[in-house]
Engineer: 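I'd like to ask you about the structure that follows.
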Amino acid sequence: MSGELPPSINIEEPRWDQSTFTGRANHFFTVTDPRNILLSDAQLEHAGRVVRDYRQGIVPPGLTENELWRAKYIYDSAFHPDTGEKMILIGRMSAQVPMNMTITGCMMTFYRTTPAVVFWQWVNQSFNAVVNYTNRSGDAPLTVNELATAYVSATSGAVATALGLNALTKRVSPLLGRFVPFAAVAAANCINIPLMRQRELKVGIPVTDEEGTRLGESAHAARQAIAQVVVSRVLMAVPGMGIPPFIMNALEKKASLKRFPWMSAPIQVGLVGFCLVFATPLCCALFPQKSSMSVTSLEAELQAELRETRPDLRRVYFNKGL
């Protein structure tokens, strides 16, 4: 919708209805748009200024609704929703497709030798550690020791899984061997995400009422948030790591790829990238970003506190992270 800016727009919520999968998918197609990583600091600051001014009731002359929403999504693509800090470039959701297509494509191309497995699993888990920390829920920082423990544990788990499965698949068909990287990635996600967000499991994440008023911190909400993110991340890897092996297995039997074997890596990276363009936003949209849970599912202490201060409250809300 274009034209002059309406007098009041709720930019604290996404542009599309987040109670539906379609609305969440539209939202995340915008959030994960790879073109956002090309924006300069000046463009990011300008978008932030437009958003902050609008929140204070300051509307620049000629600003349209489309321009306001564009500024809002540019701002959200680079700044953490809870802390307001500018996120590390490769940790932003807009960097997911270009980074993952490169790393995953190489993992699936160079999976036959032990050094290659170790190197690419290390690269992948290093990238995952940055993404998981950057997109954590809440505003409680990890200590250096917690960060190091999470990183080493996740990387070791991924490498051990990949090497173990590689050893088991030496007697089976090459096609099955191509799925080893996916198994390692799935296992590593189950390790990496909870470890990188372990502080949330200890101290909890902020929970609010429907209007956004902070009510306290809940570790139970953190567990639900992290479980949803793990499921999303594992499913996100399925198309990019599940479809290309069949295509590459067929292509490698063709004369052209036998003649030019160097083409294998760029073709695989391209196939993974095509899958991730769709899988990334669609899997992010599986669960609402602003998740909720019943008050009765919270810790007993927080339940007791809310019964005294908010006896009418039935559900609390929290940012699940990405």
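Count residues from 1 along the sequence.
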Engineer: Could you tell me whether the side chain of Ile205 reaches within less than 4.5 Å of the side chain of Asn319, counting heavy atoms only?
Structural biologist: no
Engineer: Given the rule in the side-chain contact (heavy atoms from CB on, under 4.5 Å) test, do Cys284 and Gln289 qualify, once you have shown the distances and angles that lead to the verdict?
Structural biologist: CA-CA 8 Å; Cys284 283; Gln289 184 64 34; over 6 Å; no
Engineer: Would you please say whether a donor-acceptor pair under 3.5 Å links the side chains of Asp17 and Ser19?
Structural biologist: yes
Engineer: Testing the basics here: between Val229 and Lys320, what is the closest heavy-atom pair and its distance to 0.1 Å?
Structural biologist: CG2-O, 3.6 Å
Engineer: Going by distance alone, is a donor N or O of one side chain under 3.5 Å from an acceptor N or O of the other, for Gln224 and Ser291?
Structural biologist: no
Engineer: Looking at CD of Glu65 and NZ of Lys72, how far apart are the two atoms once the value is rounded to the nearest 0.5 Å?
Structural biologist: 13.5 Å
Engineer: For His220, does the NE2 atom have more than 12 heavy-atom neighbours from other residues, nucleotides or ligands under 6.0 Å away?
Structural biologist: yes
Engineer: Would you say Met99 and Ile88 are hydrophobically clustered, going by side-chain heavy atoms of ILVMFWY under 4.5 Å?
Structural biologist: yes
Engineer: The test is side-chain contact (heavy atoms from CB on, under 4.5 Å); show your working for Val97 and Thr32 and say whether it passes.
Structural biologist: CA-CA 8 Å; Val97 171; Thr32 61; 5.5 Å; no
Engineer: Test side-chain contact (heavy atoms from CB on, under 4.5 Å) on Arg92 and Asn36 and set out the steps.
Structural biologist: CA-CA 9 Å; Arg92 299 173 192 171; Asn36 285 342; over 6 Å; no
Engineer: Is any NZ, NE, NH1 or NH2 atom of the basic residue among Glu45 and Lys86 found under 4.0 Å from an Asp or Glu carboxylate oxygen of the other?
Structural biologist: yes
Engineer: Quick check on Glu12: does its CD atom have over 12 non-hydrogen neighbours (other residues, nucleotides or ligands) under 6.0 Å away?
Structural biologist: yes
Engineer: For Glu67 versus Gly62, what's the shortest heavy-atom pair and its separation?
Structural biologist: OE1-O, 3.5 Å
Engineer: Considering only heavy atoms from C-beta outward, does the side chain of Leu302 approach that of Val316 to under 4.5 Å?
Structural biologist: no
Engineer: Out of the candidates Asn10, Asn66, Thr30, only one should pair with Arg15 under the side chain to side chain donor-acceptor pair (under 3.5 Å) rule; please name it.
Structural biologist: Asn66
Engineer: Indicate the atoms forming the closest heavy-atom contact of Ile90 with Phe127, along with that distance.
Structural biologist: O-CE1, 3.2 Å
Engineer: Report the distance from atom CZ of Phe21 to atom CG of Asn26, rounding to the nearest 0.5 Å.
Structural biologist: 10.0 Å
Engineer: Working to the nearest 0.5 Å, report the span between CZ of Arg307 and CG of Asp312.
Structural biologist: 13.5 Å
Engineer: I want to check something: taking the side chain as every heavy atom from C-beta on, are Lys290 and Glu13 in contact at a cut-off of under 4.5 Å?
Structural biologist: yes
Engineer: Should the pair Phe29 and Phe278 be assigned to parallel (<30°), tilted (30 to 60°) or perpendicular (>60°) ring geometry?
Structural biologist: perpendicular
Engineer: Just how far is it from atom CG of Leu68 to atom CG of Asp53, taken to the nearest 0.5 Å?
Structural biologist: 11.0 Å
Engineer: Work out which heavy atom in Pro194 is nearest to a heavy atom in Leu201; give both atom names and the distance.
Structural biologist: O-CD1, 4.0 Å
Engineer: Does any non-hydrogen side-chain atom of Pro288 lie less than 4.5 Å from one of Gln18?
Structural biologist: no
Engineer: Are there more than 12 heavy atoms of other residues, nucleotides or ligands under 6.0 Å from atom CZ of Arg55?
Structural biologist: yes
Engineer: Is any side-chain heavy atom of Tyr73 closer than 4.5 Å to one of Asp33?
Structural biologist: no
Engineer: At their closest point, which heavy atom of Ser77 faces which heavy atom of Ser94, and how far apart are they?
Structural biologist: O-OG, 4.5 Å
Engineer: For a 4.5 angstrom cut-off between non-hydrogen side-chain atoms, does Asp209 reach Leu313?
Structural biologist: yes
Engineer: Once rounded to the nearest 0.5 Å, what's the spacing between atom CD of Gln43 and atom CG of Asp41?
Structural biologist: 9.5 Å
Engineer: Verify the distance criterion only: is there a donor paired with an acceptor across the side chains of Ser294 and Thr296 at less than 3.5 Å?
Structural biologist: yes
Engineer: Without swapping roles, check the side chain of Ser218 against the backbone of Gly204 for a donor-acceptor pair under 3.5 Å.
Structural biologist: no
Engineer: Once the angle between the rings of Tyr75 and Phe79 is folded into 0 to 90°, is it parallel (under 30°), tilted (30 to 60°) or perpendicular (over 60°)?
Structural biologist: parallel
Engineer: When rounded to the nearest 0.5 angstrom, what distance separates OG1 in Thr64 from CH2 in Trp69?
Structural biologist: 12.5 Å
Engineer: Is it true that atom CZ of Phe119 has more than 12 heavy atoms of other residues, nucleotides or ligands lying nearer than 6.0 Å?
Structural biologist: yes
Engineer: Would Leu271 and Ile243 count as a side-chain contact (heavy atoms from CB on, under 4.5 Å) here? Give the steps.
Structural biologist: CA-CA 8 Å; Leu271 288 171; Ile243 298 173; over 6 Å; no
Engineer: Please say yes or no: joined through hydrophobic side-chain contacts below 4.5 Å, possibly via intermediate residues, are Leu39 and Leu89 part of one cluster?
Structural biologist: no
Engineer: Answer yes if Leu276 and Trp120 sit in the same cluster of Ile, Leu, Val, Met, Phe, Trp and Tyr residues linked by side chain heavy atoms under 4.5 Å apart, and no otherwise.
Structural biologist: yes
Engineer: Would a hydrophobic clustering, with Ile, Leu, Val, Met, Phe, Trp and Tyr connected at side-chain separations under 4.5 Å, put Met236 with Leu282?
Structural biologist: no
Engineer: Are Val295 and Phe318 connected in the hydrophobic side-chain network, where two residues link if heavy atoms are under 4.5 Å apart?
Structural biologist: yes
Engineer: Give me the atom names and distance for the closest heavy-atom approach of Gly23 to Thr20.
Structural biologist: N-OG1, 3.0 Å
Engineer: When you compare the side chains of Arg24 and His27, does any donor N or O come within less than 3.5 Å of an acceptor on the partner?
Structural biologist: no
